[in-house]
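Take a look at the structure below.
No hydrogens, no waters, no symmetry mates; every other heavy atom, side chains included, goes into these values.
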Amino acid sequence: MAKRARPANAHPAEEAQERIAVDKTPDSDWQTRGLPLPSTNPATNLLIADIVLRGASTLFRKGVEQRVARAGSQHEGAAQELLDGRTLITTLALYGASKLATRSVPGLMIVTGGLALKTLYDRGKARQRRLAQKPRGD
């Protein structure tokens with residue numbers, strides 16, 4: 001697109017509107033700028049991309065959850081129970097923690113620190129159970 005000389009009395013907003021009108025013409029080079037897009041409307045393309053990304057991330061997340069649950073349980077039934085037994089409170093807490101972690105570095109540090117503390121707590125409890133079950137050699 002060649003640059004045109006701007007008249008001395010032209011307002012920048014009018015120039016921007018003119019540029020937008022030129023870009024929305026059907027013969028504009030929207031397909032030659034790189035990625036071939038399904039629509040000439042940028043809002044529609046963004047909506048399509050958002051739906052595709054959300055769907056793909058949901059499928060990926062569910063696959064990872066299932067594999068982690070299977071690896072951490074003794075049998076398949078327990079893994080499925082773990083995944084199906086989530087309450088609304090648990091789901092909301094996980095959503096809130098993920099939003100907190102992705103919005104800022106301090107949020108990420110808070111969530112990471114909480115997960116590290118929970119892991120240490122779980123390991124300590126498992127160690128206590130192991131020691132309690134171990135026969136004492138008095």
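Follow the hydrophobic side-chain contacts under 4.5 Å out from Val68 and you reach Phe60 in the same cluster. Put simply, Ile110 and Leu115 are part of the same group of oily side chains (I, L, V, M, F, W, Y) that touch within less than 4.5 Å, one to the next.
The CZ atom of Arg54 lies 8.5 Å from the OG1 atom of Thr58; values are rounded to the nearest 0.5 Å. Once rounded to the nearest 0.5 Å, the distance linking CG of Leu46 with CG of Asp50 reads 6.5 Å. We find the CZ-CD distance between Arg70 and Glu65 to be 12.0 Å, quoted to the nearest 0.5 Å. Rounded to the nearest 0.5 Å, atoms OG (Ser104) and NZ (Lys99) are 12.5 Å apart. Distance check, rounded to the nearest 0.5 Å: CG of Leu53 to CD1 of Ile48 gives 12.0 Å.
At least one donor-acceptor pair closer than 3.5 Å links the side chain of Asn45 to the backbone N or O of Ser39. Using a distance-only test at 3.5 Å, with no hydrogens or angles considered, no donor-acceptor pair links the side chain of Thr90 to the main chain of Arg86. Looking only at distances, a side-chain donor or acceptor of Thr91 sits under 3.5 Å from a matching main-chain atom of Thr87.
Within a 6.0 Å radius of CZ in Arg61, more than 12 heavy atoms belonging to other residues, nucleotides or ligands are found. Residue Leu120 places its CG atom among more than 12 non-hydrogen atoms of other residues, nucleotides or ligands, all under 6.0 Å distant.
Taking Ile, Leu, Val, Met, Phe, Trp and Tyr as members and joining any whose side-chain heavy atoms lie under 4.5 Å apart, directly or through other members, Leu131 forms no hydrophobic cluster with any other residue.
Between Ala97 and Val111 the shortest heavy-atom distance is O-CG2, 3.5 Å.
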